[in-house]
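In this chain, residues are counted from 1 in sequence order. Owing to the predicted nature of the structure, the values given are computational and were not obtained by experimental measurement. Atoms within each ligand, like the ligands themselves, are counted from 1 in listed order.
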Amino acid sequence: MAEERKIPYKIYLEEDEMPKAWYNVRADMKNKPAPLLNPGTHQPMTAEELEGVFCRDLVEQELDNDNAYIDIPQEIRDFYKMYRPSPLVRAYCLEEKLQTPAKIYYKFEGNNTSGSHKLNSAIAQAYYAKKQGLKGVTTETGAGQWGTALSMACSYFDLDCKVYMVKVSYEQKPFRREVMKVYGASVTPSPSMETEIGKKINAEHPGTTGSLGCAISEAVEVAVKNPGYRYVLGSVLNQVLLHQSVIGLETKAALNKYDIKPDIIIGCAGGGSNLGGLISPFMGEKLRGEADYRIIAVEPASCPSFTRGKFAYDFCDTGMVCPLAKMYTLGSDFIPSANHAGGLRYHGMSPVLSQLYDDGLMEAVSVEQTKVFEAAEQFARVEGILPAPESSHAIRVAIDEALKCKKTGEEKTIVFGLTGTGYFDMVAYEKFHDGKMDDYIPTDAELAEYAAKLPQVNE
Ligand SMILES: *Cc1c(COP(=O)(O)O)cnc(C)c1O
């Protein structure tokens with residue numbers, strides 16, 4: 001054992017070893033992700049159309065399937081230095097507890113006030129909005145991680161930030177709401193009575209507590225109607241995966257320092273941004289035939305886009321104002337059971353990851369939430385960090401794979417993404433402790449009902 005610990009508990013990079021360019025995995029994909037389509041005409045969205053909604057430079061990144069490396073502007077690299085590089089931690093204590101011959105590493109993205117990896121893209125998106133001379137940006141947030149990250153980024157660049165927060169979270173999760181206000185954001189419960197789409201949804205569903213898809217529609221409407229504003233999104237889009245590649249690039253650089261080659265790479269998948277970012281450089285090697293890895297996406301059994309969804313064009317929002325994206329989806333009306341506490345509740349999945357999954361380049365598994373919280377506690381008790389429920393999906397599968405190694409005696413190297421901390425998720429932990437958490441899994445009939453409502457698109 002003593003000899004093995006030549007590898008430190010935490011592998012840090014020096015400042016000058018941090019990535020200077022993001023890696024764009026699309027450049028190495030043979031089958032490119034399908035283009036976004038205009039929801040009215042079903043034709044691919046042009047840059048000009050997209051620029052009505054999104055910032056100019058971000059549209060360019062969204063449509064760029066060719067350039068493998070895109071320089072990270074100095075201003076963003078400077079901001080990254082405040083909370084990055086994030087540590088790659090060798091989970092010696094977890095390994096010992098599990099008595100597994102597997103070697104487990106996790107990349108911890110929770111060391112910033114927003115508490116997750118979302119700041120990596122928020123700061124990039126705010127930078128490009130500022131560069132374009134905009135007044136501000138609009139967005140949606142569910143539980144508030146993305147809204148918090150964006151508020152921090154906007155206050156840094158002195159931009160106005162309008163956040164539409166799913167009403168049930170606005171009312172039940174006051175803490176993140178107030179953190180956003182600390183950073184100067186305005187936070188509106190969605191559906192509101194300030195937008196056409198909000199009024200319509202309120203009229204059709206009186207008393208509705210909102211959904212992510214509905215908050216997206218409101219945020220897009222406000223961005224399009226207010227001069228000097230654009231809409232920004234914290235996951236799913238190609239540009240977000242690009243920014244998040246900083247996670248994978250740092251991970252790879254840290255592993256390379258000690259000549260470590262992972263066998264299995266695991267990440268939780270909501271819209272796919274952290275997983276996409278973590279795996280990008282490894283997937284690049286796989287696509288170029290230079291190396292092989294098992295890559296596993298972990299999703300909740302209550303919101304199983306990859307494992308039980310359809311690979312089809314679908315709306316990204318409830319109001320059907322956003323472009324159509326080809327992705328693994330459960331249908332834009334799908335809302336996970338009210339008892340679902342673990343996050344990762346978006347109906348769709350990143351088009352990049354959807355294509356890679358469809359091409360058999362990665363795997364996906366779904367896990368039940370009580371099993372996720374069991375893993376979270378097991379992890380917290382030996383590794384110290386209180387994990388976010390989202391991140392704990394990856395912990396679950398990392399532990400399961402390590403236990404398989406225990407049976408077979410294989411010394412596999414497992415790397416997983418620990419996306420954030422769970423301090424604001426104690427109500428979910430409370431439900432788990434009090435035995436009030438169940439594992440509702442949608443039936444085939446329910447999923448078929450939503451799938452039947454997918455838009456008809458001739459490809
Ligand atoms: C938002 C979030 C996720 C899921 O989003 P992805 O885009 O799938 O990465 C995972 N973990 C944490 C802590 C989050 O805040």
Please report whether the ring centroid of Y106 lies less than 6.0 Å from that of F379. yes
Using a 3.5 Å cut-off on N/O to N/O, what pairs does ligand 1 make with the protein? A line per pair would be great.
residue  : atom   : partner : partner atom : Å
ligand 1 : 7 (O)  : S235    : OG           : 2.5
ligand 1 : 7 (O)  : S273    : N            : 2.9
ligand 1 : 7 (O)  : S273    : OG           : 2.7
ligand 1 : 8 (O)  : G270    : N            : 2.7
ligand 1 : 8 (O)  : G271    : N            : 3.0
ligand 1 : 8 (O)  : G272    : N            : 2.9
ligand 1 : 9 (O)  : H117    : NE2          : 3.1
ligand 1 : 9 (O)  : S273    : OG           : 3.2
ligand 1 : 9 (O)  : N274    : N            : 2.8
ligand 1 : 9 (O)  : N274    : ND2          : 2.7
ligand 1 : 11 (N) : T419    : OG1          : 2.7
ligand 1 : 15 (O) : K118    : NZ           : 2.6
ligand 1 : 15 (O) : Q145    : NE2          : 3.4

With a sphere of 6.0 Å drawn around NZ of K181, does it hold more than 12 non-hydrogen atoms of other residues, nucleotides or ligands? yes
Those residues at least two apart in sequence (or on a different chain) that pass side chain to side chain contact (heavy atoms under 4.5 Å, CB included) with R396 are V367, K371, E374, A375, I399, D400
For K97, is the NZ atom crowded, meaning more than 12 foreign heavy atoms sit under 6.0 Å from it? no
Is any side-chain heavy atom of L98 less than 4.5 Å from a side-chain heavy atom of I104? yes
Could you tell me which non-hydrogen atom of A21 sits nearest to which non-hydrogen atom of L249, and how far apart they are? O-CD1, 3.3 Å
